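See below for the structure under consideration.
A quick note: this is a predicted structure, and the numbers were derived from the prediction, not measured. Reckoned from all heavy atoms, side chains included, excluding hydrogens, waters and symmetry mates.
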Amino acid sequence: MMAAIDSDRELYGKTHPACCNLELLLKDCQIEHVRRSGPGGQHRNKVETGVVIKHIPTNIVGEASERRQQGRNRSMALFRLRVNLALGYRIPEISASPSLLWQRRIMNGTLKVNSEHDEFPALLAEALDTITYYQFDLKAASEFLNCSSSQLIKFLKKEPRAFAAINQRRREAGLHLLK
């Protein structure tokens with residue numbers, strides 16, 4: 001198990017919960033199977049296909065119930081938990097350089113990742129940690145992350161809650177809002 005932690009640190013550069021391998025993350029989680037109302041036919045309300053995953057140390061939750069298969073809902077809930085962790089939990093210090101994951105995703109100053117890709121939550125966590133570390137100065141954060149400010153803004157817009165949170169913090173700091 002120690003090898004998994006070490007490989008996470010090598011790949012992600014830090015141990016933000018959204019960056020951990022799934023086995024390690026799930027050790028700190030409580031999984032609950034639930035019934036949810038809504039479309040899906042008569043089988044939807046007879047079986048507990050909905051999944052709620054709670055990260056115990058942070059009390060952050062991810063849930064999914066839109067599929068009829070519990071396994072698919074579990075995967076979606078886990079992904080949503082990782083995104084919610086990226087949004088709601090900050091690491092106060094950053095590494096000396098961007099993570100290997102971030103470096104691998106930057107190509108000619110452009111960050112290549114789909115918002116539904118499995119690596120998206122880890123990248124989002126790193127971007128938000130870096131922006132917070134640089135006190136919401138996007139120019140400084142983007143220089144550290146080896147991408148342009150416009151690329152960083154474009155990346156943040158893939159998760160509207162992240163973009164809104166950064167703008168809120170910039171407003172509180174007296175900085176102009178991102179467009």
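- Arg82 and His55 share no side-chain donor-acceptor pair at under 3.5 Å.
- Under the 30°/60° scheme for interplanar angles, the aromatic rings of Trp102 and Phe155 are found to stand perpendicular.
- Listed for the Glu126 side chain is no donor-acceptor partner under 3.5 Å among the backbone atoms of Pro98.
- Between Phe144 and Ala96 the shortest heavy-atom distance is CE1-O, 3.6 Å.
- A heavy-atom distance below 4.5 Å is not found between the side chains of Ile56 and Asp28.
- Between Leu156 and Ile131, the closest side-chain pair of non-hydrogen atoms falls below 4.5 Å.
- Distance alone, capped at 3.5 Å, is enough to place a donor-acceptor pair between the Lys158 side chain and the Val113 backbone.
- For the residue pair Gly62 and Asn84, the shortest heavy atom distance occurs at CA-ND2, 4.1 Å.
- In this structure, SG in Cys147 is found 10.0 Å from CD1 in Ile153, a value given to the nearest 0.5 Å.
- Gln151 pairs by the side-chain hydrogen bond (donor to acceptor under 3.5 Å, both in side chains) definition with nothing, not counting sequence neighbours.
- Atom CZ of Arg105 sits in a crowded spot, with more than 12 heavy atoms from other residues, nucleotides or ligands closer than 6.0 Å.
- Remark: side-chain polar atoms of His16 are paired, donor with acceptor, to backbone N or O of Tyr89 under 3.5 angstrom.
- In the displayed structure, Gln135 atom CD is contacted under 6.0 Å by at most 12 heavy atoms of other residues, nucleotides or ligands.
- Under the 4.5 Å side-chain heavy-atom criterion for ILVMFWY residues, a single connected hydrophobic cluster contains both Tyr133 and Ile166.
- Closest approach of Leu78 and Leu25 over heavy atoms only: CD1-CD2, 4.0 Å.
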Could you go through the salt bridge (Lys or Arg N to Asp or Glu O under 4.0 Å) check for Glu63 and Lys54 one step at a time? CA-CA 9 Å; Glu63 62 181 279; Lys54 180 180 179 182; over 6 Å; no
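- Between the NZ atom of Lys27 and the CG atom of Asn21 there is a distance of 9.0 Å, given to the nearest 0.5 Å.
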Apply side chain to side chain contact (heavy atoms under 4.5 Å, CB included) to residues Arg171 and Leu177 and explain how you reach the verdict. CA-CA 7 Å; Arg171 179 183 295 119; Leu177 300 182; 3.3 Å; yes
Can you check side chain to side chain contact (heavy atoms under 4.5 Å, CB included) on Leu152 and Thr130, steps first, answer last? CA-CA 11 Å; Leu152 193 51; Thr130 303; over 6 Å; no
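- Contacts of Glu116 classified as salt bridge (Lys or Arg N to Asp or Glu O under 4.0 Å), with partners at least two apart in sequence or in another chain: none.
- Under the 4.5 Å side-chain heavy-atom criterion for Ile, Leu, Val, Met, Phe, Trp and Tyr, Leu138 and Leu175 are members of the same hydrophobic cluster.
- Contact annotation: the side chain of Leu81 never approaches that of Val61 to less than 4.5 Å [non-hydrogen atoms, C-beta and beyond].
- Counting heavy atoms of neighbouring residues, nucleotides and ligands inside a 6.0 Å radius, atom CZ of Phe163 exceeds 12 of them.
- Met76 and Leu26 fall into different hydrophobic clusters, where Ile, Leu, Val, Met, Phe, Trp and Tyr residues are linked whenever their side-chain heavy atoms come under 4.5 Å apart, directly or through other members.
- With sequence neighbours excluded, the residues satisfying salt bridge (Lys or Arg N to Asp or Glu O under 4.0 Å) with Arg161 are Glu159.
- You'll find the side chain of Ser99 stays beyond 4.5 Å of the side chain of Arg104, heavy atoms only.
- Ser142 and Ser149 make their closest contact through OG-OG, 3.2 Å (heavy atoms, listed as atom of the first residue, atom of the second, distance).
- Connection of Ile60 to Ile31 is established within a shared hydrophobic cluster, with ILVMFWY side chains joined at heavy-atom distances below 4.5 Å, either directly or through further cluster members.
- In terms of modelled atom types and a separation under 3.5 Å, the side chain of Asp129 and the main chain of Ile91 share a donor-acceptor contact.
- Residue Ala140 comes nearest to Tyr134 through the heavy atom pair CB-CD2, 3.6 Å, listed as atom of the first residue, atom of the second, then distance.
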Under the salt bridge (Lys or Arg N to Asp or Glu O under 4.0 Å) rule, what do Lys139 and Glu143 come out as? Steps first, then yes or no, please. CA-CA 6 Å; Lys139 185 173 190 243; Glu143 285 175 6; 3.6 Å; yes
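- Counting all heavy atoms, side chain and backbone alike, Leu128 lies closest to Ala86 at CD1-O, 3.3 Å.
- Arg170 contributes a side-chain N or O that, together with a main-chain N or O of His176, makes up a donor-acceptor pair within less than 3.5 Å.
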Please assess Glu119 against Leu101 for the test side chain to side chain contact (heavy atoms under 4.5 Å, CB included), listing each intermediate value before the final yes or no. CA-CA 8 Å; Glu119 293 175 341; Leu101 174 63; 3.3 Å; yes
